[in-house]
Asker: 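Encoded as structure tokens, here's the structure I'll be asking about.
To find a chain, count down the sequence lines: A is the first, B the second, and so on, and within it residues start at 1.
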Protein chains: 2
Amino acid sequence: MWQCQGVSRTVAPAGAVRQGSLRELNLALVLDRIAAAARPPSRADLAARTGLTRATVSAVVEDLIAGRLVSEADPTPRNGAGRPARGLVLAGDGPAGLGLEANVDYLAACVVDLAGRVRHHTVLRADLRPLAPADALARLVGLAAAARADAADQGLTLAGAALAVPGLVDDAGLVRLAPNLGWRDVDVPALLAGHPPLTERVDGVPALVVDNEANLAALGELHAGVAGPASFLHISGEVGIGAGIMLDGTLFRGARGWSGEIGHIPVQPDGRPCRCGGRGCLEQYAGQEAVLLAAGLAGADLPADTAAARLTELAEAGDRATLDALAEAGTALGVTVAGVVNLLDLDTVVLGGGYAPLAPWLRPPVLAEVSRRVLTAAWSPVTVRPAVLGSEAAVVGAAGSVVRRILARPAGWLAHRR
Amino acid sequence: MWQCQGVSRTVAPAGAVRQGSLRELNLALVLDRIAAAARPPSRADLAARTGLTRATVSAVVEDLIAGRLVSEADPTPRNGAGRPARGLVLAGDGPAGLGLEANVDYLAACVVDLAGRVRHHTVLRADLRPLAPADALARLVGLAAAARADAADQGLTLAGAALAVPGLVDDAGLVRLAPNLGWRDVDVPALLAGHPPLTERVDGVPALVVDNEANLAALGELHAGVAGPASFLHISGEVGIGAGIMLDGTLFRGARGWSGEIGHIPVQPDGRPCRCGGRGCLEQYAGQEAVLLAAGLAGADLPADTAAARLTELAEAGDRATLDALAEAGTALGVTVAGVVNLLDLDTVVLGGGYAPLAPWLRPPVLAEVSRRVLTAAWSPVTVRPAVLGSEAAVVGAAGSVVRRILARPAGWLAHRR
DNA sequence: GCCAAATAATTCAATGACTGAACAAATAGC
DNA sequence: GCTATTTGTTCAGTCATTGAATTATTTGGC
């Protein structure tokens with residue numbers, strides 16, 4: 001169940017606040033409360049929860065219903081004496097978000113509706129490394145067009161798109177470095193400019209956001225339907241190791257959007273040389289290639305998800321070398337994670353990506369290191385758990401990030417429809 | 001020059017937005033623009049910059065002037081034809097913030113006015129370690145009362161207070177752990193409840209906020225008057241090593257307010273045992289005691305600021321052991337900092353606290369490690385610089401954090417005065 | 001079956017903050 | 001002295017929320 005990105009704290013507004021701003025803000029407030037409700041709330045419930053009068057809530061809800069953002073739920077349960085309440089839910093036939101992903105050996109497209117349901121999901125297996133970025137993106141545009149058509153058949157309108165890539169992406173969508181794709185300074189928006197638009201244009205929702213895969217996977221995990229903390233460290237273990245840092249439902253992005261490169265935190269300062277130019281990086285101890293090497297599988301050249309499956313099989317079969325390799329990787333990971341927890345005060349660590357199927361073996365050493373080294377572990381233990389979502393986390397997170405923006409500013413969508 | 005904490009992004013409001021919310025938000029907007037201006041802006045300037053009409057700006061400014069938040073500057077420079085503009089500045093005779101600090105060997109009180117000027121600053125030298133928390137706080141209340149009287153003599157009204165302590169503080173002001181003070185689970189607000197109020201009560205400004213010293217020092221540094229980035233890692237090197245993580249003018253606090261314990265990031269996983277129970281923590285390589293030990297000064301039992309001064313003297317005199325000790329500490333610090341920069345994408349590192357006077361010797365090895373290990377250093381170099389503020393950074397940051405809250409919600413102050 | 005109580009949702013006139021156009025204030029240049 | 005320009009104020013209109021009254025709809029008691 002997606003919600004918009006947190007709530008406004010006490011800060012100065014970004015610009016003039018006008019008469020019309022009232023309705024815009026209250027549209028967002030009411031929509032957010034509907035999204036966050038455990039059961040479909042009535043207008044009277046919403047009035048009580050928001051502090052707005054029932055008259056105002058009725059007017060706001062009327063707009064939301066007219067704009068296909070909200071619908072009345074049925075049937076209505078009986079509550080004893082009094083007029084029956086009409087529950088309100090997010091509509092499944094209005095706007096939706098388009099998520100896209102370009103990863104080492106697959107392209108993916110996904111449509112998530114306002115209520116958070118995945119309404120379309122396509123994966124195209126392909127080795128992207130030999131492809132020029134423009135060619136890879138052209139194929140992705142094909143996937144996007146098919147997704148858009150399918151969504152339209154289902155009565156949905158795509159309101160914006162987000163693309164997940166495994167690398168450093170700045171705020172303008174420039175992919176500064178994605179080593180696993182072989183991309184360097186790839187201007188994705190510019191390369192896509194010659195193609196037809198991916199979605200409708202909606203005020204307040206960017207046509208395309210390009211974001212780091214680990215960040216979007218963390219976002220997907222946040223909304224995966226499990227009630228859990230809104231603050232956690234989500235680690236995607238692949239060839240590279242990326243992290244999404246989630247605090248109170250908001251992604252920490254860093255000064256330029258390049259945060260989360262946990263795989264290049266030194267775990268042994270004078271240790272193994274790393275492709276980044278440093279020594280002793282976590283990636284050299286807990287990254288996919290390091291684990292395969294330690295397990296005696298070096299040179300197998302397995303695709304990313306096959307590598308994790310292979311390691312899982314061997315571990316389940318009790319293969320000594322594999323178990324030892326995972327223990328060593330888990331210990332290195334745990335040392336790094338403990339430091340990160342001391343620095344960032346996050347009390348949940350989610351093992352995602354290639355680490356998710358390996359969690360039974362990685363979790364014990366991570367927990368041991370965390371328990372030993374985290375200052376606050378004695379009175380506030382750290383949870384380490386596998387991710388709920390699998391390889392679809394990033395593309396679902398990407399689509400969901402669009403939904404989040406619509407929910408944060410429903411007035412933009414309503415203006416588009418008029 | 002203090003400003004409030006950033007500007008509102010596109011998020012749902014925290015509660016109902018009412019007719020009166022318009023004026024509240026526009027008061028904050030106009031006041032923030034006055035605070036941020038390089039030269040005193042006129043009403044017409046503010047209208048152009050905010051997008052509000054001149055009529056509205058005049059009405060808002062009239063409220064701000066009546067509330068002693070803003071005053072008209074004089075003399076007025078001539079601009080050619082047209083009515084002379086009246087520049088507007090933050091008032092120096094209205095509300096102010098009270099900052100307090102309890103550190104290992106001193107207590108301090110500080111008053112910062114709305115324009116960011118320090119109007120009162122007192123330091124009381126004392127060894128706090130033998131004192132019970134209640135006794136230390138009682139002495140601090142004495143300092144606060146004197147500061148309040150002095151402020152009143154200067155025509156200022158204290159609108160709130162913030163206390164800096166060197167430890168883990170949660171959002172309710174409970175000091176979970178401050179090893180250097182010997183404090184564990186100290187409920188500061190409860191201990192202060194029996195004393196008279198420190199300041200006036202102003203809606204929207206907490207009576208007392210207790211916060212981590214490193215966080216508040218970072219806040220002080222942000223506003224120290226140098227034009228610089230609003231995102232940086234501010235490291236306070238003392239017995240313990242704490243960090244304030246500043247992103248776009250907002251402090252990262254973690255899930256429970258316990259962030260910044262950079263001294264307990266492992267730099268050698270199987271290295272020296274640490275008092276926290278782990279091994280190889282940065283503090284054992286770059287903390288004050290480790291540096292003193294490596295320089296041959298172990299057992300000298302020097303007060304914190306004297307230790308840094310002593311090390312500085314020896315380094316300036318070319319003492320081999322000291323120079324080597326600082327190089328080793330700088331290298332360990334640099335390894336950790338590089339990892340932190342890769343994780344958090346911060347492009348400026350500020351050496352504060354006991355590290356500030358030692359920056360000439362620490363900076364080169366830190367820079368070397370950062371240049372080698374930070375993924376993005378090749379195209380976006382990391383700046384490493386000494387802090388502008390000295391030991392007063394935390395107490396000034398504490399007072400300034402109150403000013404920030406007033407600026408963010410001037411309506412609370414205006415309501416108080418009516 | 002009717003009435004009273006209870007709860008949900010709508011109607012309607014009043015309020016307050018911003019707007020845009022007009023006006024007033026103050027200067028420089030011809 | 002008049003015009004052009006810029007700053008700041010005045011004033012009637014607009015709009016979104018409010019609070020009280022009204023309408024809609026149910027249950028339970030007589």
Asker: Measuring from atom CG of B/L158 to atom CG of B/L98, what distance do you get when rounded to the nearest 0.5 angstrom?
Answerer: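 CG of B/L98 is found 5.5 Å from CG of B/L158.
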
Asker: Show me the protein contacts with nucleotides 10-16 of chain D, counting only N or O atoms at under 3.5 Å.
Answerer:
| residue | atom | partner | partner atom | Å |
| --- | --- | --- | --- | --- |
| D/dC15 | O2 | A/Q19 | NE2 | 3.4 |
| D/dA16 | O4' | A/Q19 | NE2 | 3.0 |
| D/dA16 | N3 | B/Q19 | OE1 | 3.4 |

Asker: Quickly work out the B/R83 CZ to D/dT6 P distance and round it to whole Å.
Answerer: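 Spelled out: CZ on B/R83 to P on D/dT6 is 15 Å.
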
Asker: A/R148 and A/E200: salt bridge (Lys or Arg N to Asp or Glu O under 4.0 Å), yes or no, with the steps?
Answerer: CA-CA 10 Å; A/R148 186 174 183 180; A/E200 300 292 312; 3.0 Å; yes

Asker: Hey, are A/R409 and A/D203 close enough for a salt bridge, meaning a charged N less than 4.0 Å from a carboxylate O?
Answerer: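 Yes, charged N to carboxylate O under 4.0 Å.
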
Asker: For the helix from C/dG1-D/dC30 to C/dC30-D/dG1, what is the angle between the axes at its two ends, each from 5 pairs, rounded to 10°?
Answerer: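 End-to-end axis angle for the helix from C/dG1-D/dC30 to C/dC30-D/dG1: 20°, rounded to 10°.
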
Asker: Do the side chains of B/R39 and B/D45 get close enough for a salt bridge, i.e. N-O under 4.0 angstrom?
Answerer: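 No, no charged N to carboxylate O under 4.0 Å.
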
Asker: Find the distance A/D45:CG to C/dA9:C1' and express it as a whole number of Å.
Answerer: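 Answer to the nearest Å: 13 Å.
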
Asker: For B/L52 and for A/R43, find the nucleotide of DNA chain C with the closest heavy atom, then tell me which residue's nucleotide is more 5'.
Answerer: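 First, find each residue's nearest nucleotide; the 5'-ward one identifies A/R43.
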
Asker: Once you round it to whole Å, what is the distance between P of C/dG16 and CG of B/D63?
Answerer: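 The distance from CG of B/D63 to P of C/dG16 comes to 14 Å, rounded to the nearest Å.
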
Asker: Report the residues that fulfil side-chain hydrogen bond (donor to acceptor under 3.5 Å, both in side chains) with A/D171, sequence neighbours left out, ordered by chain and then residue number.
Answerer: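 If we apply the side-chain hydrogen bond (donor to acceptor under 3.5 Å, both in side chains) test to A/D171, skipping adjacent residues, there are no hits.
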
Asker: Hey, is B/R256 close enough to B/D170 for a salt bridge, meaning N to O under 4.0 Å?
Answerer: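 Between B/D170 and B/R256 there is no salt bridge, as every charged N stays at least 4.0 Å from the carboxylate O atoms.
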
Asker: What are the two closest non-hydrogen atoms of A/P410 and A/L64, and how far apart are they?
Answerer: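 That would be CB-CD2, 4.3 Å.
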
Asker: Looking only at the side chain of A/T53 (C-beta and beyond, no hydrogens), which of the listed nucleotides C/dA26, D/dG19, C/dT19 gets closest?
Answerer: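 It is D/dG19.
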
Asker: Nearest 0.5 angstrom please: A/I65 CD1 to A/R86 CZ, how far?
Answerer: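 Reported value, rounded in 0.5 Å steps: 8.5 Å.
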
Asker: Without swapping roles, check the side chain of B/T56 against the backbone of B/L52 for a donor-acceptor pair under 3.5 Å.
Answerer: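 A pair under 3.5 Å: no.
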
Asker: Measure the distance from CD on B/E62 to P on C/dA17 and round it to the nearest whole Å.
Answerer: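 Rounded to whole Å, this separation is 13 Å.
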
Asker: How long is the line joining CG of A/L25 and C1' of C/dA17, in whole Å?
Answerer: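 Nearest whole value for this atom pair: 15 Å.
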
Asker: Return no unless some side-chain N or O of B/R86 is found under 4.0 Å from OP1 or OP2 of D/dG8.
Answerer: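 It does not, given that no N or O in the side chain of B/R86 lies less than 4.0 Å from OP1 or OP2 of D/dG8.
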
Asker: Using atom CD1 of A/I65 as one end and atom C1' of C/dA9 as the other, report the distance to the nearest whole Å.
Answerer: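 From A/I65 CD1 to C/dA9 C1': 12 Å.
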
Asker: Taking CG from A/L88 and C1' from C/dA9, how many angstroms apart are they, rounded to a whole number?
Answerer: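 Roughly 11 Å, once rounded to whole Å.
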
